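I have placed the structure first, in the form of structure tokens, so that the comments after it can refer back to it.
Note that the structure is predicted; figures quoted are calculated from it, not measured. Lettering follows sequence order; numbering is per chain, from 1.
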There are 2 protein chains.
Amino acid sequence: MARGTGPIRATLSDVAARAGVSRQTVSNVLNTPEVVRPATRERVLRAVAELDYQPNTAARRLRTHRSHVLGLRMPEVGDGVSGEILDRYLHALAKEAQRAGMRIMLFAADDEEAEIREYRTLLATAGLDGFALTHTYPGDGRVRWLREHRVPFVTFGRPRGEQDDPPGAEPHPWVDVDGYAGTRMATEHLLELGHRRIGFLGWPDGSGPGDDRRAGWYAALRAAGLSEGAPEERTEEGVSPGTGAAARMLADPAVTALVCVSDSLALGALAAARDLSLTAPDRPPVAVTGFDDTPVARAVGLTSVAQPVEAVAARTVELLLAQIPGAARPASPGAGVGRGGRRDQERSSFLVTPRLVVRESSRPAR
Amino acid sequence: MARGTGPIRATLSDVAARAGVSRQTVSNVLNTPEVVRPATRERVLRAVAELDYQPNTAARRLRTHRSHVLGLRMPEVGDGVSGEILDRYLHALAKEAQRAGMRIMLFAADDEEAEIREYRTLLATAGLDGFALTHTYPGDGRVRWLREHRVPFVTFGRPRGEQDDPPGAEPHPWVDVDGYAGTRMATEHLLELGHRRIGFLGWPDGSGPGDDRRAGWYAALRAAGLSEGAPEERTEEGVSPGTGAAARMLADPAVTALVCVSDSLALGALAAARDLSLTAPDRPPVAVTGFDDTPVARAVGLTSVAQPVEAVAARTVELLLAQIPGAARPASPGAGVGRGGRRDQERSSFLVTPRLVVRESSRPAR
DNA sequence: CGGATCGATTTGATCGATCCAATCGGGGAC
DNA sequence: GTCCCCGATTGGATCGATCAAATCGATCCG
């Protein structure tokens, strides 16, 4: 333990001596203030402030079997979630955890098996209170293991496929961003701007998020009565694939806008649109939207669907705390029943709505 | 502390009982095996394995005042270091720390003052053994604070400016990537391909890393006798600025290659080159190199200088351990003196050489 | 006016490891 | 054969908090 040059840190006993009470009373002031007489409480709090007392978490954990630390495997980059989203999620998670008196511990693992091995070790040695998972998939062994061992956890990403949830069991807690709502918003935005023939540039079928996003585009067009024969291309992630696929759709002069499943593909589409504006200068500019609102999108002025990772992180912590016995849950609003007749603290999942960031790539005046 | 459904975890006493020795002997086997007779050691190790014993870090820390945890502030995104580099660094740091029996704890802070406040709290409550810092700047108050309080730390990024180091004092431990060597390699690569007129697309003067990278480009040209009147443009980070600045340099038909200070600017330069190949089809393709080897570079086939963050992370941990009293240092190679007559463990900083990743953007056949 | 009651506070034990001083056991010296 | 010494091992105390139960004090009631 690194220690400053200053005096040894104050302990509970020091505070107790200074306030003229016993250790336990100090502990009560900090943990269950309501059982301490106000006058005593005041005195103790003053002593705490004067000595700058801060509790030793090791001692606390030894006794209570709670570490106030959450685990997160640092995912390999390029694992699916765009790198920057991950950064922002980590940052927000650290912040939200802190707000709730918790910390985030990182660990690394090369594969599923190694990750489960780390769970074991971290639970045994560091006594982590729970885990946040970022890249789950149908039949994920980690989910099964954590469930079986009754370890609190929350996934960023909804469960896809039934394997994750044993029959009859509650689904595990999760938080996710509503991709459907995102592309729907983007598409409606383009419709409002007067576009009629709006293509979709997506990933191959079978990726959950990709399918959701396509569904949002389709639903918006259908509601507008424009889904008939709407053009759509599927390709793998990447800028160059996006250029090729976009060019194919733009071969039809009626197509004036493209909704893309990711910023990378949108970047490729922008390149195709740029080529088009050089070869066919009389054609009106093509509008493009992306997904994730990455720094590249900001840099090139791409309209994009932004994932509210701060909200996701806040919900993640909330759902984790709800599973940890004895963890202070955020006070429910009022003593009554929440909206919809369902108590908020009973929720075990959240689908967060993203928001559309409009930039030049979709604005009429370019 | 989350606990599985299995039996209560084994403690030192359990192991001792099973092996028929005392607690202290078990502790010795694990911490100072050389003082235990081999036969006893065997017996204890067998018991450890049979019971799957894993030490409780809270108890250990309480007694030893070492937590085996390093702190890292999760930087805000867009703070200077490219997002993806940060991810990879974090991942590597977690991995390297783990290899050395340490863990990484994340925390968040909005500004320097808040960060120092967190240092205080983390040292007092969680007893962190040290910190890794990522975005230091001349006169950084965090560096001063950590120094004054004798807290072990290492910065990713060399100190720039004298304020950081009190006169007469050793510079603080740091690890950095040699940007000079990186652009020099990139430039030499272009020279080998036959390019003679090679421009530099950089950031405005005054950014340490930016200046280093420019110097590398300049040194390579100078060594080749081609530095006279070499074109160069400075602009802020971003794709669009890059396109504009690159177009200005490419207005001179003699310029056939551009070395860029970042992948974003290089991306912009690629767009300018693309425009050029459409408007002037007879002109030979322009070669472009970037810096950081981000996913975008991989996606668009951009030759780029890759930062070896794994090596940086390994050095970071190494330098941190060297400062932590009692931390097991990696065994020095042999009993003699290291290369250069200087013992490795005395090093307090490392300048790591990056490597050039060659892709289509600089290959002759496009 | 004594005893039951209840709230506020204190005391002693404990979590699981390591530190420190004491003890044990066996080989070598005399 | 006895004594000494040194390496191996043990037992007790301790780190700093919380738990559980005991104690204290004042109020309330019959």
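Between the side chains of A/Thr11 and A/Tyr53, no donor N or O sits under 3.5 Å from an acceptor N or O.
Contacts of A/Ala47 classified as side chain to side chain contact (heavy atoms under 4.5 Å, CB included), with partners at least two apart in sequence or in another chain: A/Val15, A/Arg18, A/Ala19.
Rounding to whole angstrom units, CZ of residue A/Arg63 and P of C/dG12 are separated by 16 Å. Summarising the geometry, the separation between CZ on B/Arg60 and P on C/dC19 is reported as 10 Å, rounded to the nearest angstrom.
Applying the side chain to side chain donor-acceptor pair (under 3.5 Å) rule to pairs touching residues 116-126 of chain B yields A/Gln98-B/Glu118, A/Arg103-B/Glu118, B/Glu115-B/Tyr119, sequence neighbours excluded.
A heavy-atom distance below 4.0 Å to DNA chain D is reached by these residues of residues 30-43 of chain B, ordered by number: B/Val35, B/Val36, B/Arg37, B/Thr40. Remark: B/Arg23, B/Gln24, B/Ser27 in residues 19-28 of chain B come within less than 4.0 Å of DNA chain C through at least one heavy atom.
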message: For B/Arg9 and B/Asp14: C-alpha separation, side-chain torsions, deciding distance, then whether salt bridge (charged side-chain N to carboxylate O under 4.0 Å, His left out) applies.
response: CA-CA 9 Å; B/Arg9 290 222 63 80; B/Asp14 298 332; over 6 Å; no
Under 3.5 Å, N/O pairs linking protein and nucleotides 23-25 of chain C:
none

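Judged by a 6.0 Å distance limit and a 45° cone about the ring axis, B/Arg73 is not positioned over the six-membered ring of B/Phe107.
Taking the 5' to 3' direction, DNA chain D first and last meets chain A under 4.0 angstrom from a heavy atom at D/dG16 to D/dA20.
Atom CD of B/Glu113 has 12 or fewer neighbouring heavy atoms from other residues, nucleotides or ligands inside a 6.0 Å radius.
Checked for salt-bridge contact, B/Lys95 and B/Glu310 miss the test: no charged N lies under 4.0 Å from a carboxylate O.
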